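These notes are about the structure you will find just below.
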Amino acid sequence: MKKIITSLSSALLIFVASLSFTGVVKSAEFFTIGTGGPTGVYFQTGNAICKMLHKSAISAEHGRKKGTAKAYRCTAPSTGGSNYNIGQIKAGEFQFGVAQSDWQYHAVNGSSKWEGKKFGDLRAVFSVHNEPFQIWARKKAKIKNFAGLEGKVVNIGNPGSGQRGTMEELMKAMGVNNSFFKSTTELTSSEQVKALCDGKIDAFGYSVGFPNGAMEQAATCAAKASPINLTGSQVQGLISGADYYAKAVIPKGTYTNQKKDATTFGVKATVVTSASVSDELVYLVTKAVMENFDDFKKQHPAFGFLEKKNMIKDGLSAPLHPGAIKYYKEAGLM
Ligand code: GLU
């Protein structure tokens with residue numbers, strides 16, 4: 001009996017030893033990337049990052065050196081959007097998030113909605129697609145510009161979303177408050193298209209990458225909606241007053257029946273993290289996206305114009321995380 005136990009335990013020992021020598025994964029660390037509504041582009045962005053990471057983890061497991069294994073597994077749930085994500089990163093609940101460049105700026109500087117709640121440890125990883133700020137209006141409401149929203153039912157977005165914050169900044173620049181509209185709603189990005197199609201609202205404001213399926217649905221449903229122009233001196237004032245805004249155009253033909261360019265202002269979608277997230281994890285996430293770049297770009301049509309050299313600087317006001325810098329230097333991007 002003793003002999004059996006001895007040989008069993010030595011077999012176990014040999015097995016455990018061989019595990020560590022062949023470098024089998026010893027532990028998996030789970031982390032979360034905050035995104036946006038399930039029909040938006042952030043949700044696809046977060047999930048594309050996870051996909052690239054898992055893909056590179058699999059190839060790393062094949063060619064891995066002895067004993068170096070630590071597996072990271074990532075989830076990218078749908079959330080309330082930019083400011084919600086930054087808040088969750090600050091609270092240590094999420095390790096990464098997608099956030100608009102304007103809200104990245106305000107969070108790290110403690111301005112606008114982040115006044116008194118400054119998140120100095122916010123770190124940038126890279127920027128992604130452009131997000132023109134869009135006001136989509138149903139055809140019958142005959143809204144041609146911002147002034148045309150007076151007395152209409154308008155969705156200003158759910159609290160916590162980037163679109164809600166940016167809509168409020170636009171309203172401030174235009175010198176109006178909620179009483180300018182007949183009424184306002186706080187629907188999420190995935191609820192607003194149905195409400196517009198059903199005629200329950202006349203318009204909604206949304207900062208989102210293009211082209212995207214939800215806006216095509218707004219263009220083709222009974223609302224026959226289209227994005228209006230947001231131009232004029234107040235919008236120009238917003239653009240010239242801040243580096244995180246830029247002029248943006250949604251070219252005609254992007255959506256069905258969109259006969260004219262829609263000219264507006266916009267932000268960048270960015271991927272952010274915290275100084276307290278490890279260099280190793282940020283390095284691996286950055287590397288996974290950059291080294292599977294063609295595949296990453298195929299994950300959403302809004303990624304078509306991405307270029308690595310712009311992604312490491314455009315729209316980033318928080319300092320880059322050291323783990324990201326390590327990769328950019330190694331890859332000769334910096
Ligand atoms: N920009 C939006 C926000 O911060 C989200 C857009 C998206 O989900 O693609 O709330």
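These numbers come from a predicted model, not from an experiment. Atom set for the values below is all heavy atoms of this structure, side chains included, hydrogens, waters and symmetry mates excluded.
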Tell me if a side-chain donor or acceptor on [X] pairs with a main-chain N or O of [Y] at a distance below 3.5 Å.
{"X": "Thr79", "Y": "Gly81", "result": "yes"}
{"X": "Gln217", "Y": "Val193", "result": "no"}
{"X": "Asn229", "Y": "Asn145", "result": "no"}
{"X": "Arg123", "Y": "His321", "result": "no"}
{"X": "Gln104", "Y": "Ala99", "result": "no"}
{"X": "Asn109", "Y": "Ser111", "result": "no"}
{"X": "Lys308", "Y": "Met290", "result": "yes"}
{"X": "Lys224", "Y": "Ala219", "result": "no"}
{"X": "Gln299", "Y": "Thr45", "result": "no"}
{"X": "Ser127", "Y": "Asp314", "result": "yes"}

Take Trp103 and Asn85 through the side-chain hydrogen bond (donor to acceptor under 3.5 Å, both in side chains) test and state the conclusion after the steps. CA-CA 10 Å; Trp103 298 110; Asn85 296 338; over 6 Å; no
Do Val128 and Tyr206 belong to the same hydrophobic cluster, where Ile, Leu, Val, Met, Phe, Trp and Tyr are linked whenever their side-chain heavy atoms lie under 4.5 Å apart, directly or via other members?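 Yes: a chain of side-chain contacts under 4.5 Å links Val128 to Tyr206.
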Count I, L, V, M, F, W, Y as connected when their side-chain heavy atoms are under 4.5 Å apart, and connections chain through other members. Are Val277 and Tyr84 then in the same cluster? no
Going through the distances and angles, do Phe181 and Met171 end up as a side-chain contact (heavy atoms from CB on, under 4.5 Å)? CA-CA 11 Å; Phe181 310 114; Met171 286 163 62; 3.8 Å; yes
Applying side chain to side chain contact (heavy atoms under 4.5 Å, CB included), name anything that partners Ala222, two or more places apart in sequence or on another chain.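 Not a single residue meets the side chain to side chain contact (heavy atoms under 4.5 Å, CB included) criterion with Ala222.
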If you look at every heavy atom in [X] and [Y], which pair is closest and at what distance?
{"X": "Leu284", "Y": "Leu53", "answer": "O-CD1, 3.7 Å"}
{"X": "Val125", "Y": "Thr273", "answer": "CG2-CG2, 3.6 Å"}
{"X": "Ile201", "Y": "Gln192", "answer": "CD1-O, 3.6 Å"}
{"X": "Ala223", "Y": "Leu196", "answer": "CB-O, 3.5 Å"}
{"X": "Pro159", "Y": "Glu186", "answer": "CG-OE2, 3.9 Å"}
{"X": "Pro38", "Y": "Ser190", "answer": "CD-OG, 3.6 Å"}

Should [X] and [Y] count as side-chain neighbours, where that means a heavy-atom distance under 4.5 Å?
{"X": "Phe43", "Y": "Val98", "answer": "no"}
{"X": "Asn292", "Y": "Lys55", "answer": "yes"}
{"X": "Asn158", "Y": "Leu187", "answer": "no"}
{"X": "Glu291", "Y": "Met52", "answer": "no"}
{"X": "Leu230", "Y": "Leu170", "answer": "yes"}
{"X": "Thr32", "Y": "Glu93", "answer": "no"}
{"X": "Phe30", "Y": "Thr75", "answer": "no"}
{"X": "Phe303", "Y": "Val41", "answer": "yes"}

Could you tell me the separation between the [atom1] atom of [X] and the [atom2] atom of [Y], rounded to the nearest 0.5 Å?
{"X": "Leu306", "Y": "His300", "atom1": "CG", "atom2": "NE2", "value": "11.5 Å"}
{"X": "Tyr255", "Y": "Ser226", "atom1": "OH", "atom2": "OG", "value": "12.0 Å"}
{"X": "Asp202", "Y": "Ile143", "atom1": "CG", "atom2": "CD1", "value": "5.0 Å"}
{"X": "Tyr42", "Y": "Ser82", "atom1": "OH", "atom2": "OG", "value": "3.5 Å"}
{"X": "Leu122", "Y": "Lys90", "atom1": "CG", "atom2": "NZ", "value": "10.5 Å"}
{"X": "Ile33", "Y": "Gln88", "atom1": "CD1", "atom2": "CD", "value": "14.5 Å"}

Are [X] and [Y] within salt-bridge range, i.e. N to O under 4.0 Å?
{"X": "Lys194", "Y": "Asp198", "answer": "yes"}
{"X": "Lys326", "Y": "Asp279", "answer": "no"}
{"X": "Lys252", "Y": "Asp261", "answer": "no"}
{"X": "Lys268", "Y": "Glu131", "answer": "no"}
{"X": "Lys113", "Y": "Glu168", "answer": "yes"}

Could you go through the side-chain hydrogen bond (donor to acceptor under 3.5 Å, both in side chains) check for Tyr72 and Glu280 one step at a time? CA-CA 10 Å; Tyr72 287 101; Glu280 178 184 71; 2.4 Å; yes
Can you pull out every disulfide (SG to SG under 2.5 Å) where at least one residue sits in residues 282-334? Sequence neighbours excluded, please.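 The answer is none; no pair qualifies.
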Which residue pairs satisfy the disulfide (SG to SG under 2.5 Å) criterion with at least one member in residues 164-265, sequence neighbours excluded?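 Counting only pairs at least two positions apart or across chains, the disulfide (SG to SG under 2.5 Å) contacts touching residues 164-265 are Cys197-Cys221.
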Derivation of the salt bridge (Lys or Arg N to Asp or Glu O under 4.0 Å) call for Arg73 and Glu29: CA-CA 6 Å; Arg73 292 287 177 265; Glu29 197 173 306; over 6 Å; no
Please tell me whether Ser207 and Gln163 have a donor and an acceptor in their side chains that are separated by less than 3.5 angstrom.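 Result is no, nothing qualifies.
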Quick one: sort the Trp136 and Phe204 rings into parallel, tilted or perpendicular, breaks at 30° and 60°.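 Geometry flag for Phe204 against Trp136: parallel rings.
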Does Phe133 have any ring pair (Phe, Tyr, Trp, His ring centres under 6.0 Å) partners at least two apart in sequence or in another chain, and if so, which? Phe265
Of all residues at least two apart in sequence or in a different chain, which pass the ring pair (Phe, Tyr, Trp, His ring centres under 6.0 Å) check with Phe31?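 Listed in chain order: Phe96.
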Atom pairs and distances, side-chain donor-acceptor, residues 236-251, under 3.5 Å, sequence neighbours left out:
| residue | atom | partner | partner atom | Å |
| --- | --- | --- | --- | --- |
| Ser240 | OG | Gln236 | O | 2.8 |
| Tyr244 | OH | His106 | NE2 | 3.4 |

Show your working on side-chain hydrogen bond (donor to acceptor under 3.5 Å, both in side chains) between Glu169 and Thr166 and close with a plain yes or no. CA-CA 5 Å; Glu169 293 294 321; Thr166 308; over 6 Å; no
Heavy-atom count check: over 12 atoms from other residues, nucleotides or ligands less than 6.0 Å from Lys182 NZ? no
Should Asp121 and Ser274 be marked as a side-chain hydrogen bond (donor to acceptor under 3.5 Å, both in side chains) after you check the CA-CA gap, both sets of side-chain angles, and the distance that decides it? CA-CA 6 Å; Asp121 271 353; Ser274 162; 5.1 Å; no
Taking the six-membered ring for Trp, are the ring centroids of Phe126 and Tyr327 within less than 6.0 Å of each other? no
Asn83 and Trp114: CA distance, side-chain angles, deciding distance, side-chain contact (heavy atoms from CB on, under 4.5 Å) verdict: CA-CA 9 Å; Asn83 283 319; Trp114 289 87; 2.9 Å; yes
